[in-house]
Amino acid sequence: MHQLPNDPGEAIKLQNEVRKLVKIGGYIDIASVRLVGGVDVAYLGKGASQACAVAVVWDRLSGEVLESVYAQDEVIFPYIPGLLSFRELPVVMKACEGLSSNVDVWMVDGAGIAHPRRLGIAAHFGVLLDRPSIGVAKSRLIGSHLPVPRSKGSWVPLRHDGEVVGHVLRTRNDVKPLYISPGHKVSLRQAVELVLACCTKYRLPEPTRMAHNLVERYAHFS
DNA sequence: GCGACAG
DNA sequence: ATCTTGTCGC
């Protein structure tokens, strides 16, 4: 991660610069995507001055986790809606540095371009690594949408300021839908297709679900 | 001014 | 995110 902003105003200025580097579109071939990465963060205690992160590499063919790396660090930036990346990316990037696999696409908990300045944590993450990334959020940050049909695979567009910034996707029958948006170097259609391909048995795609399970366990025993 | 607001 | 008990369903 680069230098942390000193305040929200500085953070927003930085986002307006970094957003120019985000690429949306088909830089990858979905059929050749085998290794999908997932990252997640957990906080220690309630003072929440320490946080840990995990980066996992999930193999789509075997359905197994090939690699996982942990990191722990002090959390400096406060949680402010729209500025999540400044709080969580420092630890996340630290975990990614220990990785040895070549990940094809990354999935991150949170928004991609479905963000007030089109630079949610997943997009910011993708730009820092200059690798394809997808935002997988469990709830809405911005935008509006119609009700999503109840069956798995159905979706409705998520609109914000006159543009479609993501899809609200039902990954299982009768479960809360997920907010999917492109991060970096992927199209919205590819993002949705990949998330569905990784949702084998649960609401969350395996890479993100595995990362969450592992980092929770790590935080609990550390 | 008031409400909304990823993790 | 984190703090928590019971409960519904496969």
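Note that the structure is a prediction, hence the values are computed from the model and not measured. Convention: sequence-line order gives letters A, B, ...; per-chain numbering from 1.
Seen from the ring of A/Tyr202, A/Arg209 counts as a face-on cation partner, given the 6.0 Å and 45° thresholds.
The pair A/Asp174-A/Lys152 does not count as a salt bridge, with every side-chain nitrogen at least 4.0 angstrom from each carboxylate oxygen. Under the 4.0 Å criterion applied to side-chain N and carboxylate O atoms, A/Arg118 and A/Glu163 are assigned as salt-bridge partners.
Within a 6.0 Å sphere centred on CD of A/Glu74, heavy atoms belonging to other residues, nucleotides or ligands number more than 12. Other residues, nucleotides and ligands contribute over 12 non-hydrogen atoms within 6.0 Å of the CG atom of A/Asp29.
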With 3.5 Å as the limit, what N/O pairs link the protein to nucleotides 3-6 of chain B?
unit_1 : atom_1 : unit_2   : atom_2 : d
B/dC5  : OP1    : A/Arg140 : NH2    : 2.4
B/dA6  : OP2    : A/Tyr79  : OH     : 2.7
B/dA6  : N7     : A/Gly82  : N      : 3.1
B/dA6  : N6     : A/Gly82  : N      : 3.4
B/dA6  : N6     : A/Gly82  : O      : 3.0
B/dA6  : N6     : A/Leu83  : N      : 3.1
B/dA6  : N6     : A/Leu84  : N      : 3.0
B/dA6  : N1     : A/Ile121 : N      : 3.1
B/dA6  : N3     : A/Ala111 : N      : 3.0

Tabulate atom names and distances for all N/O pairs under 3.5 angstrom spanning the protein and nucleotides 4-10 of chain C.
none

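In DNA chain C, no stem is built from 3 or more consecutive Watson-Crick or G-U wobble pairs with both distances under 3.5 Å.
For the atom pair CD1 (A/Ile113) and CZ (A/Arg19), the distance works out to 10.0 Å, reported to the nearest 0.5 Å.
Contact annotation: the side chain of A/Val75 approaches that of A/Tyr43 to within less than 4.5 Å [non-hydrogen atoms, C-beta and beyond]. Taking the side chain as every heavy atom from C-beta outward, A/Leu83 and A/Gln15 approach each other to under 4.5 Å.
Within residues 157-196 of chain A, no residue has a heavy atom under 4.0 Å from DNA chain B.
Within the structure, ring-ring contact (aromatic ring centres under 6.0 Å, His included) contacts touching residues 87-137 of chain A (residues at least two apart or in different chains) are A/His2-A/His124, A/Phe86-A/His124, A/Trp106-A/Phe125.
Side-chain N or O atoms of A/Asp104 include none that pairs as donor or acceptor with a backbone N or O of A/Val36 at under 3.5 Å. Formation of a donor-acceptor pair under 3.5 Å by the A/Arg170 side chain with backbone atoms of A/Pro149 is found in this model.
Annotation: side-chain contact (heavy atoms from CB on, under 4.5 Å) contacts of A/Pro205 (sequence neighbours excluded): A/Met107, A/Val136, A/Leu178, A/Val195, A/Cys198, A/Cys199, A/Pro207, A/Thr208.
Atom-to-atom, CD of A/Gln50 to C1' of B/dG7 comes out at 18 Å; the value is rounded to the nearest Å. Summarising the geometry, the separation between CD on A/Glu216 and P on B/dG7 is reported as 13 Å, rounded to the nearest angstrom.
With hydrogens and angles left out, the side-chain atoms of A/Tyr27 and A/Gln190 include no donor and acceptor closer than 3.5 Å.
Residue contacts for A/His212: at a heavy-atom cut-off of 4.0 Å it reaches the sugar-phosphate backbone alone, with no base atom in range.
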